[in-house]
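Note sheet for the following structure.
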Amino acid sequence: MPDRAPQPVDRQLPTDEARDLISLVRDIAQHEIAPKAAEEEGAGHFPREVFTLLSRTGLLGLPYASEHGGADQPYEVYLQVLEELAAARLTVGLGVSVHTLASYALATYGTKEQQVEHLPAMLGGGLLGAYCLSEPASGSDAASLRTRAVRDGENWVITGTKAWITHGGVADFYTVMARTGEEGPRGITAFLVPADAEGVSAAAPEKKMGMKGSPTAQVHFDGVRVPDGRRIGDEGQGFAIALSALDSGRLGIAACAIGVAQAALDEAVGYATGRQQFGRPIADFQGLRFMLADMATQIEAGRALYLAAARLRDAGRPFAKQAAMAKLHCTDTAMKVTIDAVQVLGGYGYTADFPAERYMREAKVLQIVEGTNQIQRMVIARHLAGPETR
């Protein structure tokens, strides 16, 4: 029905290399990801072959050092790649963001020896990662986690269960936060655990309202032995590593949210300009035109917000507050825009024949993952008014 093809986002990119990179990503999205998205999401198919392709083309290690298999791209560029991938299929965009998050601890806090040994395979060798912080009884209150790692000579023995793990059961490695000492945040340490280690298993994937192609599952660690050489950072530094990773990860979620919102807007504009009622396109009616204008404005505002935070990060300046703001605004925008897109399509928007309803279901999870939007408001308020009094 649509007779107006969506126009690519006009991006402000810092280099010719970045422009070539976006062109490559758009080509992959158009030919390898988007055509299969609806069918595979409906069937709950995880597109491992797409992640293999992305690894082979260097897209799984964009913000990390080239000496270890990365691409030395600034976050300003990496996040716009995520947005393009998420617009084609959120399972892919979010999956790249999670893999980047899972690689962060080793790439940022690992020793040179650890980085040389593990990062090339993680960033460009076909491996896929998962990030294990949340547990069945500790989600927003991550510092209360119960998974424990006990020292045994030159090894650690990890026992516990992680929950809500994206790529649980399909990942090749898990970045795991486990308690090695006292209660609270100071007793947590980070570990790099291979998925094929004895004692690692995954439960059946959760049955979700959206992102059915992306497995989310509990991961069990039953006396898993890992050498001390797979401990990342110092003992007791794990929670600080986790929070640092999440600051960057929240920018990834923000970019993915804008990608979904942009896809929904494109669908709505295409439909509205092609659908005839009362002898003219419904896009001629002011009420609908204003709705589209508001959708587009909120998307542009969200894109500007996450890019501003990314540029702070790239400059080595504090960006935690801006990352929380970007995650909050962009995911709320995605929810509002996708709801409005369904409304623009009317009855058709409520059917699986059009992607608008899938975008709406997928947008909801972005308000929850990597810190709910209520947690983002707490983070922002702490930067403004200081910690809460007890």
Side-chain angles (χ1 to χ4, degrees), residues 6-12 75-76 78-94 96-97 209-211 246-272 287-312 319-345 349 354-381:
Q7 300 299 306
V9 175
D10 184 13
R11 301 195 177 279
Q12 298 181 21
Y75 249 65
E76 174 187 4
Y78 157 68
L79 293 179
Q80 294 187 77
V81 168
L82 280 189
E83 184 190 329
E84 294 279 346
L85 293 172
R89 185 177 178 185
L90 183 58
T91 284
V92 176
L94 187 69
V96 174
S97 181
M209 68 182 288
M211 284 191 68
L246 286 173
D247 285 339
S248 296
R250 285 165 180 162
L251 291 181
I253 300 302
C256 286
I258 293 302
V260 173
Q262 184 68 55
L265 174 63
D266 290 344
E267 179 71 12
V269 170
Y271 182 88
L288 196 144
R289 294 176 79 86
F290 283 7
M291 184 182 294
L292 296 175
D294 287 344
M295 293 160 71
T297 300
Q298 290 303 303
I299 290 170
E300 287 290 347
R303 183 176 291 123
L305 186 56
Y306 87 63
L307 285 174
R311 289 168 185 140
L312 286 176
F319 68 99
K321 179 182 73 174
Q322 289 81 4
M325 288 177 170
K327 199 273 185 183
L328 169 64
H329 176 83
C330 293
T331 59
D332 281 355
T333 289
M335 194 72 253
K336 177 66 164 61
V337 166
T338 56
I339 288 173
D340 286 348
V342 170
Q343 191 71 19
V344 169
L345 271 68
F354 291 78
E357 61 85 29
R358 172 165 61 87
Y359 298 147
M360 186 178 76
R361 289 185 289 105
E362 291 177 340
K364 184 61 204 175
V365 76
L366 299 174
Q367 295 178 302
I368 299 170
V369 296
E370 295 191 29
T372 66
N373 282 6
Q374 287 68 37
I375 292 293
Q376 304 313 312
R377 289 177 170 90
M378 291 173 63
V379 170
I380 296 163

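The analysis underlying the following values was restricted to heavy atoms, covering all of them including side chains, and did not include hydrogens, waters or symmetry mates.
Ion pairing between a basic and an acidic side chain is recognised when a charged N comes within 4.0 Å of a carboxylate O; Glu76 and Arg311 show such pairing. Between Arg377 and Asp332, at least one side-chain nitrogen of the basic residue sits less than 4.0 Å from a carboxylate oxygen of the acidic one, meeting the salt-bridge criterion.
Closest non-hydrogen pair, Ala268 versus Leu345, comes out as CA-CD1, 4.0 Å. Shortest non-hydrogen contact noted between Ala87 and Ala263 is O-CB, 3.5 Å. In this structure, Ala257 and Cys330 approach most closely via the heavy-atom pair CB-O, 3.5 Å. The minimum heavy-atom distance between Val337 and Ala264, with the atom names listed, is CG1-CB, 4.2 Å. Nearest heavy atoms, Leu82 versus Gly252: CD1-CA, 3.6 Å. Considering all non-hydrogen atoms of both residues, Ser97 and Gly249 come closest at OG-O, 4.1 Å.
For Tyr306 and Glu83, the side-chain atoms include at least one donor-acceptor pair closer than 3.5 Å. Counted by atom type alone, Arg303 and Gln262 present one or more donor-acceptor pairs between their side chains at under 3.5 Å. No side-chain donor from either of Gln298 and Asp294 sits under 3.5 Å from a side-chain acceptor of the other.
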>> Run Met325 and Gln376 through side chain to side chain contact (heavy atoms under 4.5 Å, CB included) and show every step you take.
In response: CA-CA 7 Å; Met325 288 177 170; Gln376 304 313 312; over 6 Å; no
> Run the side chain to side chain contact (heavy atoms under 4.5 Å, CB included) check on Gln80 and Val9 step by step: do they pass?
Replying inline: CA-CA 10 Å; Gln80 294 187 77; Val9 175; 6.0 Å; no
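Between Lys336 atom NZ and Ile299 atom CD1 the span is 11.0 Å, to the nearest 0.5 Å. Atom-to-atom distance recorded for Leu312:CG and Lys321:NZ is 9.5 Å, nearest 0.5 angstrom. For the atom pair CG (Asp10) and CD (Glu300), the distance works out to 9.0 Å, reported to the nearest 0.5 Å. In this structure, Leu366 CG and Thr333 OG1 are separated by 11.5 Å, a value rounded to the nearest 0.5 Å. Here the straight-line distance linking atom SG of Cys256 with atom CD of Glu370 works out to 9.0 Å at 0.5 Å rounding. Rounding to the nearest 0.5 Å places CG of Leu328 at 13.5 Å from CE of Met378.
A donor-acceptor pair under 3.5 Å is absent between the side-chain atoms of Glu267 and the main chain of Phe354, judged by distance alone. Without hydrogens or angle criteria, Lys327 side chain to Thr372 main chain gives no donor-acceptor distance under 3.5 Å. Arg250 places no side-chain N or O within 3.5 Å of a backbone atom of Ala323 that could act as its donor or acceptor partner.
In this view, Tyr359 satisfies the ring pair (Phe, Tyr, Trp, His ring centres under 6.0 Å) rule with no residue, not counting sequence neighbours.
Under the side-chain contact (heavy atoms from CB on, under 4.5 Å) test applied with Ile253, the options Ile368, Ile258, Thr331 reduce to a single match, Thr331. Between Met295 and the choices Ile339, Val269, Leu265, Thr338, the side-chain contact (heavy atoms from CB on, under 4.5 Å) rule is met once, by Leu265.
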